[in-house]
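FYI, the numbering just counts along the sequence from 1.
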Amino acid sequence: MKKSLYMLSLLAFLSIELVGQYTFDWMTDAGNYSKTAAMSAIDSQDNLIVTGYWQSYNMYTRKISPDGTLLWEAEDASGLSGMYEKSYWINCDISDNIYVVGKRYSISSGWEYPDAIIALKYSPGGELLWKQLIPMTMLIGMQHPGFNVRSEVDLNGNLYIGSFAANPAGVIFAKIDTNGNLLFTNTSTENIPIGFRSMRLQGNHVVMATGSTGIEVAPVFVWDTAGALLWTAAAAGNGTFDVETDDSDNIYVISYLTNAVSPTSGEDITMTKFNSTGSLLWKKDYDLGGSEFPTRFTFSNGRLSGIGWGPSTPGAYFDWKIFQVDTESTLLWEATYDGTPSNDEHPYFIAAKPSGEVIVTGKGGPSPDPNNSSYLQMVMVQYSNTGIQEWIDMPNIYGGWGLACMLASDNSLYAISAS
């Protein structure tokens, strides 16, 4: 098996370490140091599709073959003076068409002010098939979260978009058909949502997660693909950080609560399970040692594998927190990655193999610079089904933070980074 690294920065690469069952295959940069990665996807031919933005102005999308060859690059701009574009998410449909979502925005006093959600559809060959704008505005400032958007595509090529705005108010659910027609833009203000976090498409249901201005409220929203809001719930927690579904259409919400396990346990991971109609099945709190702030989790092989960050002891720097539970809330294993004692380390993405092993990427230590122990770099770690660290790789010696990783059909691994 091979491991392919796609670095979204101009980097100097000095050495490669062969580790475990993976060997380093290739690395490519973005061709310009001003480009920043956002997210990636893999099509049915195992091509890697990457989207990001060029400085603060244009969105770009690149298609890379399995052997590392750049097949094409496309850019998109607002065409309006003082208005810019930035991409956030990317999907591929079963015909290998590519969907990119992001925002159009202006800049004032250092803040980005979005005025529309952008959706683009490209053919497998890189032709822009359509562009759709969904008008929206946000409150921007120190007391408000930044813009975020996610998307999913169904088997018929319909695109579903989730976000949050001040106008239209609340969590946003939009649908665009395969020809680029905006079918609806629906909203909900149940459970006082603020800031968009995550979404999942499962069958004919779309599940969304947001933060909340309510105390210890973790909102979850479930819509059908026709646009009807089926149910909402306020799970326990300080906002919902991610949602996931299993093979039986049950829905899982991940958040955190302070001192939920004991009076001195600090911030503890809180997970809640609902059935497909919104009935609460269980709620469970987990103390992994110190404090834990979850960011993302994923379902595979009957297990929920998650990542978070936090100090392992009071006053310490942040470490990676990795864990796995079964669908009945039993904690199967937990692990901590602490590559340096002198800086905060964060995991950004987790991928799970069909067999249940997980691969995590993010920023961490040890420092790539022997003269400065505070520097961080891109780190990739695989854990077994029992939480044993099976291999670790740090392919970017001069920095770079792992943004995403994903498995191809032959079980090779792609990862993207930005520095």
Side-chain angles (χ1 to χ4, degrees), residues 39 88-91 99-103 114 117-119 132 134 136 138 144-154 158-176 182-214 216-246 249-256 270-281 294-299 304 306:
M39 187 47 61
Y88 283 72
W89 207 254
I90 188 168
N91 306 98
Y99 303 78
V100 177
V101 295
K103 69 179 179 183
I117 296 169
I118 302 171
Q132 181 62 264
I134 304 173
M136 53 82 69
M138 287 190 66
H144 300 280
F147 174 86
N148 198 9
V149 64
R150 294 286 184 267
S151 59
E152 297 276 4
V153 62
D154 66 20
N158 297 301
L159 183 68
Y160 304 91
I161 297 173
S163 191
F164 173 85
N167 183 25
V171 59
I172 296 173
F173 176 41
K175 181 178 181 178
I176 301 174
L182 179 62
L183 301 183
F184 58 75
T185 302
N186 296 338
T187 62
S188 175
T189 57
E190 292 291 324
N191 302 311
I192 327 175
I194 185 168
F196 193 78
R197 299 277 176 78
S198 181
M199 70 183 291
R200 295 286 192 276
L201 171 66
Q202 177 78 337
N204 63 348
H205 291 171
V206 176
V207 186
M208 297 188 182
T210 72
S212 176
T213 59
E216 296 186 349
V217 174
V220 58
F221 304 81
V222 180
W223 314 71
D224 67 22
T225 52
L229 181 61
L230 301 179
W231 57 269
T232 68
N238 292 289
T240 299
F241 287 81
D242 202 0
V243 288
E244 186 57 289
T245 61
D246 64 19
D249 294 335
N250 297 304
I251 293 164
Y252 302 84
V253 174
I254 193 168
S255 184
Y256 75 91
T270 297
M271 195 177 297
T272 308
K273 179 180 180 179
F274 299 93
N275 69 12
S276 60
T277 60
S279 297
L280 176 64
L281 299 181
T295 55
R296 186 183 294 271
F297 68 151
T298 187
F299 175 81
L304 291 149

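Listed for the S212 side chain is no donor-acceptor partner under 3.5 Å among the backbone atoms of P219. Between the N91 side chain and the S151 main chain, a donor and an acceptor come within less than 3.5 Å of each other. In this structure, the side chain of S255 does not engage the main chain of T270 through any donor-acceptor pair within 3.5 Å. Distance alone, capped at 3.5 Å, is enough to place a donor-acceptor pair between the E244 side chain and the F299 backbone. Of the possible donor and acceptor atoms, one in the side chain of K175 sits under 3.5 Å from a partner among the backbone N and O of T225. Of the possible donor and acceptor atoms, none in the side chain of R197 sits under 3.5 Å from a partner among the backbone N and O of A209.
If you take OH on Y88 and CG on N148, they are separated by 7.0 Å, rounding to the nearest 0.5 Å. Atoms OG and CZ, on S198 and R296 in that order, are 7.0 Å from each other to the nearest 0.5 Å. Note that CZ of F241 and OG1 of T295 are 9.0 Å apart. Values are rounded to the nearest 0.5 Å. In this structure, the separation between CG on N204 and CG on D154 is 10.5 Å, given to the nearest 0.5 Å.
Under the 4.5 Å side-chain criterion, counting only non-hydrogen atoms from C-beta, V207 is in contact with V220. Between F221 and F173 there is no side-chain heavy-atom pair separated by less than 4.5 Å. Here the side chains of P114 and M136 are in contact, with some heavy-atom distance below 4.5 Å. In this structure, the side chains of I176 and Y160 stay at 4.5 Å or more apart for every pair of heavy atoms.
When all heavy atoms of W231 and N275 are compared, the closest pair comes out as CZ2-O, 3.7 Å. Heavy atoms only, all atoms of each residue included: P193 and T210 are closest at CB-OG1, 3.3 Å. Considering every non-hydrogen atom in both S276 and N250, the closest pair reads N-OD1, 4.3 Å.
Each of D242, T272, D246 was evaluated against Y252; a single residue qualifies, D246, per the side chain to side chain donor-acceptor pair (under 3.5 Å) test.
Ion pair R200/E152 not flagged as a salt bridge, since none of the NZ, NE, NH1 or NH2 atoms sits closer than 4.0 Å to an Asp/Glu carboxylate oxygen.
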